[in-house]
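As a basis for the values below, the full set of heavy atoms in this structure was taken, side chains included, without hydrogen atoms, waters or symmetry mates. Letters A, B, ... are given to chains in the order of the sequence lines, protein chains preceding strands, and every chain is numbered from 1. In this text the structure is predicted, and so the values were computed from the model without any measurement.
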Protein chains: 2
Amino acid sequence: MCIGYSTTKLQSVITIKDIAKVAGVSHTTVSRALRADSRITPDTTERVLRLADEMGYVPNSIAQSLNAKRTYTIGMLVTSVADPVVMDFMEGAEGIAQERGYCIFLSTSRNDPAREFNVVDTFQRRRVDGVILVAPRTGDKCRLALERIQVPMVLLDSEEVNDTHPAVNVDNVGGASLAVAHLLQWGHRRIGYIGATDRRLTNVKRLSGYTKTLEQAGIQLDPTWIINPEADDDLQRGRLGLGQCLAAGVTAIFCYNDQIAISVLNSCYHKGISVPQQLSIVGFDDIRLASYVNPPLTTVRQPLQEMGRTAMKMVLGLIDKAQVKNEMLDCELVERASVAPPCTV
Amino acid sequence: MCIGYSTTKLQSVITIKDIAKVAGVSHTTVSRALRADSRITPDTTERVLRLADEMGYVPNSIAQSLNAKRTYTIGMLVTSVADPVVMDFMEGAEGIAQERGYCIFLSTSRNDPAREFNVVDTFQRRRVDGVILVAPRTGDKCRLALERIQVPMVLLDSEEVNDTHPAVNVDNVGGASLAVAHLLQWGHRRIGYIGATDRRLTNVKRLSGYTKTLEQAGIQLDPTWIINPEADDDLQRGRLGLGQCLAAGVTAIFCYNDQIAISVLNSCYHKGISVPQQLSIVGFDDIRLASYVNPPLTTVRQPLQEMGRTAMKMVLGLIDKAQVKNEMLDCELVERASVAPPCTV
DNA sequence: TTGTACGCGTTATCAA
DNA sequence: TTGATAACGCGTACAA
């Protein structure tokens, strides 16, 4: 257990004692005046405030934290910031945090157990008041470590419904249904699904929305339509998935997420397959880039920022001992230009 | 000046005093044993360490900070996290921070002066050891407030070369030259530029790289080729810019950044203009999405993560009183499929 | 209405 | 080699 650090001292600023000396009162009085305590004379309060301003006093929240035993800090653990989905989660979460006087410690795990351990340890040492686990992969080792910290924690986009920690998720089954129903409406009957096995639980949900909707439409599901490419990233998944889909003779593809869909789009471009004339494609997430690609991608929108906001509200709720329940937000279909009637060649 | 907060206490964990009591030594000894101070008997050191482990002791870095007057925390102020460029800056910066035992406070200003003020105030109260200002727009009010804090600060992607604060930038002039030279090489002679006036300084640099390169090629520059659309965001800039470029009879466009380029690409799609057959396009940045669009975008790559890493190394350097100089990193041309010989219609 | 004294958890100084 | 004590900056019982 290493605790040592470089020992250089850095800051050296005005404290309430300095103000007290100048004002000719005790530091207690200054402390009270600053917090607008009604017991202090308006006179001295005024004087203290003016002095504080003139002397450039800035409260030391480290000292406040030590005393109050709370830091007004939330740790957010993400696998990577450089992910369009995570990015919006954070934007939403940070908005609420800032409003409520909280700060966010941002840490990335990069799927590296050592880093994960390190981050959890850091969160403990720094006494964060709460933790948001963003899109944790199932089987994260750090979860166990985090259980140990008795700190409010919420799961964002984990799909794991866990009795010990509340979670914010989207209706993945319903969202997938939206996508497939849309394709059915355009006349498609042979619809493929390209999944992502590293997001196991979410993948299962979206897949089940897909199968359910096909069944309800009375369509005999061909197992070769369901593809879970053996790949490490979404880019490869799209590329591999497209090949297999084509082999399965599908007229439309519903993809686990936009990144896969966009990769499919890209592969189509390279193979000279025109979308949506020859193949229709629907994604999931509605990341910013979905509307930029050619053709603009029809997709299922997740309210990403709203999810981030909700997760933050939930941790803050837990911190204030409020009752907090799992949240499941709705998706919405965004029609753009990657879907057309099936090619009748 | 409001300082009041909710007053609920949260944590309550093992301290060195608790360990001391159990070990039958003073808390000083425990403190030393934990830091592997050579003055303590290997015997007691061992015993203390074992106890610390058993009792689940986690050092309180708040208390450490109060004492040491440093927090091992860096404040990063960004206008928005939901920006593909910023995202990579952060990924890079966070990597270094984590390696060196620092944490990042992430705060967004969203171009709102009130928020900016709030963030700066927060950074001061929380006694961050340093600040990274990410892609600050010129004229940020907060700069003045930040000057007041006597805390190491570095500017990332600001293009402002400022004597008081070191900056990390990319060679914008050289990068633009790369792009234009590439278009010249393919035979283009009428090349447009779509700029972004809200990034004033960077815009000027890229524009100057553009003009310089054209001049060196002995091309008479037509002022109508240079377009600075009156718009608030890059999407609109692309749309408006394309119209004006077309009117100017240009065969290729160099765009201030990828977002504009992609918007141009998108507008072309809608107008039935095929890229690169009828119009060549080059962007700047090489954001992830640049390789996903159709056609994949030829662009000038900024080493975004490297810039983030460099900025972080620089603040940490400043904190440790090292000599730190401005850094200018090189760009690199990434050839993809949005450039072809000029259309000879 | 104001001030004194103590505690928050840790490190540093000085004495034993 | 170890320990008592003070200090970091702030908040708060309790006393005046």
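Closest contact between the side chain of T41(A) and the listed nucleotides dG3(D), dG9(C), dT1(C) involves dT1(C). The side chain of R35(A) lies closest to dG11(D), out of dT11(C), dG9(D), dG11(D). The nucleotide whose nearest atom lies closest to any side-chain atom of H27(A) is, among dT10(C), dC8(D), dG11(D), dG11(D). Nearest nucleotide to the T29(B) side chain, out of dT2(C), dT2(D), dC8(C): dT2(D). Closest approach to the T15(B) side chain among dT2(C), dG9(C), dG11(D) is made by dG9(C) (side chain taken as heavy atoms from C-beta onward).
Judged by the 6.0 Å distance and 45° axis criteria, R115(A) is not positioned over the aromatic ring of F117(A).
dG11(D) atom P lies 15 Å from atom CD1 of I62(B), rounded to whole Å. If you take CG of D18(B) and P of dG7(C), they are 15 Å apart, rounded to a whole angstrom. Counting to the nearest Å, the P atom of dG9(C) and the CG atom of N67(A) are 10 Å from each other. One atom, CG of D37(A), and another, P of dG11(D), lie 11 Å apart when rounded to the nearest Å. Put simply, CD1 on I19(B) is 12 Å from P on dG9(C), counting in whole angstrom units. Atom pair R125(B):CZ and dG9(D):C1' shows a separation of 14 Å (rounding to whole Å applied). Rounded to whole Å, the distance from NZ on K69(A) to C1' on dG11(D) is 13 Å.
Salt-bridge check for R70(B) with D320(B): passed, with a basic side-chain N closer than 4.0 Å to an acidic carboxylate O. Here D43(B) does not pair with R47(B) in a salt bridge; the nearest charged N to carboxylate O distance is not below 4.0 Å. Between D112(B) and R110(B) there is no salt bridge, since none of the side-chain N atoms of the basic residue sits less than 4.0 Å from a carboxylate O of the acidic one. Under the 4.0 Å criterion applied to side-chain N and carboxylate O atoms, R50(B) and E46(B) are not assigned as salt-bridge partners.
If you check every strand for non-hydrogen atoms under 4.0 Å, I16(B) touches a base. No contact: K17(A) has no heavy atom under 4.0 Å from any strand. Within 4.0 Å of S61(B), counting heavy atoms only, lies no atom of the nucleic acid at all.
Two end axes, each from the C1' atoms of five base pairs, can be drawn for the helix from dT1(C)-dA16(D) to dA16(C)-dT1(D); they diverge by 50°, to 10 degrees.
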Are any protein N/O atoms closer than 3.5 Å to N/O atoms in nucleotides 13-16 of chain C? If there are, list each pair with its distance.
from	atom 1	to	atom 2	distance (Å)
dT13(C)	O4	R32(B)	NH2	2.9

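With hydrogens and angles left out, the side-chain atoms of S80(A) and E91(B) include a donor and acceptor closer than 3.5 Å.
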